[in-house]
There are 2 protein chains.
Amino acid sequence: MPNLDKSLVADLPMFAGVEPDDLNDILREAQSIRYQKGTSVFQQDEEARSFFILLHGHLRVMKVTPDGQQVVVRYVTPGEIFGIAMAMGRTTYPATALAVVDSLALVWPSAAWPRLVAKNPSLAVNTIQTVGSRLQDAHTRVVEMSTEQVERRVAHALLRLAKQAGRKGEDGIQIDFPISRQDVAEMTGTTLHTVSRILSAWEDQGLVESGRQRISIRDPHKLFILAERPSD
Amino acid sequence: MPNLDKSLVADLPMFAGVEPDDLNDILREAQSIRYQKGTSVFQQDEEARSFFILLHGHLRVMKVTPDGQQVVVRYVTPGEIFGIAMAMGRTTYPATALAVVDSLALVWPSAAWPRLVAKNPSLAVNTIQTVGSRLQDAHTRVVEMSTEQVERRVAHALLRLAKQAGRKGEDGIQIDFPISRQDVAEMTGTTLHTVSRILSAWEDQGLVESGRQRISIRDPHKLFILAERPSD
DNA sequence: GGACCTGTTTGATCTGACGCAAACTGGGAG
DNA sequence: CTCCCAGTTTGCGTCAGATCAAACAGGTCC
């Protein structure tokens, strides 16, 4: 991998506590691969041959039900490790990862994982924290789905997207990858129709400004109130 | 801790790959504590002073929303590690754990965790797998909540309960701790009224047999069909 | 054995969100 | 410049499931 990446990678939480020399050894084993917009990094149920760190771009991770419905599990942001099915004791990927913009990732063979961890226990500790915080997120989402109604869930989803992938423009925070109504629906367990209606209403109130595969939040504070306030 | 527990504990997945001598050291640091039915092991947002392995009994882990609604995150079954907030990089527990029957757990101070893991890297590896499989479960639940309707979700919940805590009787599989309609509702994101109606209907069809805080599944196969079949 | 409490059942009504259908539009391809 | 298509908007009927309300029953305590 090119040298300029190393300085970026060295500061990632995943490599906290890893000695620079060891980090070099680890990085030497990786190759960097580009994924064009719309191509998949891996597919659900496919054998988990590799694990990854995203360097640049954005991925949508999604699960498909037996009857073909899709659910967006999360979006991967640069710096995150993903596809660590093998570390979790699986032999196949539990979901599909799709590049929503041109993306670049470091790729290791899954088989290297046990050796890297044995040599570098910090990796295991950091991985527990990563997986742990994803578990928290998932539980938060379960609670949301159980207790909140659709408008509130969409508000939360947008705020989360803004936090992870928000690009500040003059007129609010823009989500800096293409995202459709359908995508938001699949994040919140509703339909694109309902999302469209909600966004239209918010647009009228000056809360958001959106169009084709594009959403920007004009008034994050008001949206936050809407997301948190017990309905009144 | 009493000797008789050691043989049981040695076979737990959490201690796979740990040398017997090291395991003894680990267990020496634990105390075993009993929790009476109805008492809490720890509370949401409380400082995470300890982590645990359940030896006997059943715990309900739940989250409470700001406006007081409860959601059951999972039930803890003997052999499971729980309350490992600290390993996941948190300082407080993200949920409340309540003994639903008289229970017994091994308890370590959270502060011991880093040392135990440093001495015993297998612990970290096993923890990743444990947390990883909980993450899978949580995602499965998100997908369920997003795509399936209530009856199906309740069916899945019951089958999961039967698997984890089913006691085979002559007339089917009985869930071997007290569980109310309200509890099932909080597991599936619905109301106790709806759960009651569904169970009544199933009772008429001879699928289940239930009463006050008690559910047994008479025909697991039919229930499974109901849970999996695309509605028809 | 009766009172009482907690959990359960069942009915009636209401509504948020879905499903269907159709029209609309921005932006890329040729 | 125009065509075309994927993504979006909007109206309308419907229904699963929530909410409101009330009666009911199994256990436990005295």
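Every chain is numbered from 1, with letters handed out A, B, ... down the list of sequences.
No donor-acceptor distance shorter than 3.5 angstrom exists from the side chain of A/S196 to the backbone of A/T194, with no hydrogens or angles considered. For B/S146 (side chain) and B/V142 (main-chain N/O), a donor-acceptor pair under 3.5 Å exists by modelled atom type.
Considering only side-chain N and O atoms, B/T194 lies under 4.0 angstrom from the phosphate OP1 or OP2 of D/dA18. Phosphate contact (OP1/OP2 of C/dG19, side-chain N/O of A/T191, threshold under 4.0 Å): absent. B/S196 has a side-chain polar atom (N or O) that falls below the 4.0 Å cut-off from OP1 or OP2 of C/dT9.
Nearest to the side-chain atoms of B/R181 among the listed nucleotides C/dT8, D/dG17, D/dT8 stands C/dT8. In this structure, the nucleotide among C/dT9, D/dG17, C/dC18 sitting nearest to the side chain of B/S200 is C/dT9.
No contact: A/L199 has no heavy atom under 4.0 Å from any strand.
We find that CG of A/D204 is positioned 11 Å from P of D/dT9, with the value rounded to whole Å. The distance from atom CD of B/E209 to atom C1' of D/dG26 is 14 Å, rounded to the nearest whole Å. Atoms CD (B/Q182) and P (D/dA18) sit 12 Å apart, rounded to a whole Å. To the nearest angstrom, C1' of C/dG27 lies 11 Å from CD of A/Q213. Between the CZ atom of A/R214 and the C1' atom of C/dG28 there is a distance of 16 Å, rounded to whole Å. Distance, A/I179 CD1 to D/dG7 C1': 14 Å, rounded to whole Å. For A/Q149 and C/dC18, the CD to P distance is 11 Å, given to the nearest whole Å. Between the CD1 atom of A/I198 and the C1' atom of D/dT10 there is a distance of 14 Å, rounded to whole Å.
Checked by distance alone, B/H193 brings no side-chain donor or acceptor within 3.5 Å of a matching partner on the base of D/dT19. At a cut-off of 3.5 angstrom, the base of C/dA17 holds no donor-acceptor pair with the side chain of A/R197.
Using a 3.5 Å distance cut-off with no hydrogens or angles, the side chains of A/S216 and A/R167 do not pair a donor with an acceptor.
In this structure, A/E148 does not pair ionically with A/R141, as no charged nitrogen and carboxylate oxygen lie closer than 4.0 Å.
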Let me have the donor-acceptor pairs involving side chains of residues 74-90 of chain A, under 3.5 Å, with sequence neighbours excluded, atom names and distances please.
| residue | atom | partner | partner atom | Å |
| --- | --- | --- | --- | --- |
| A/R74 | NH1 | A/E80 | OE1 | 2.6 |
| A/T77 | OG1 | A/E80 | OE2 | 3.3 |
| A/E80 | OE2 | A/T77 | N | 2.9 |
| A/R90 | NE | A/T92 | O | 3.0 |
| A/R90 | NH2 | A/T92 | OG1 | 3.2 |

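In terms of position on DNA chain D, the residue among A/R212 and A/E203 whose nearest nucleotide sits closer to the 5' end is A/R212.
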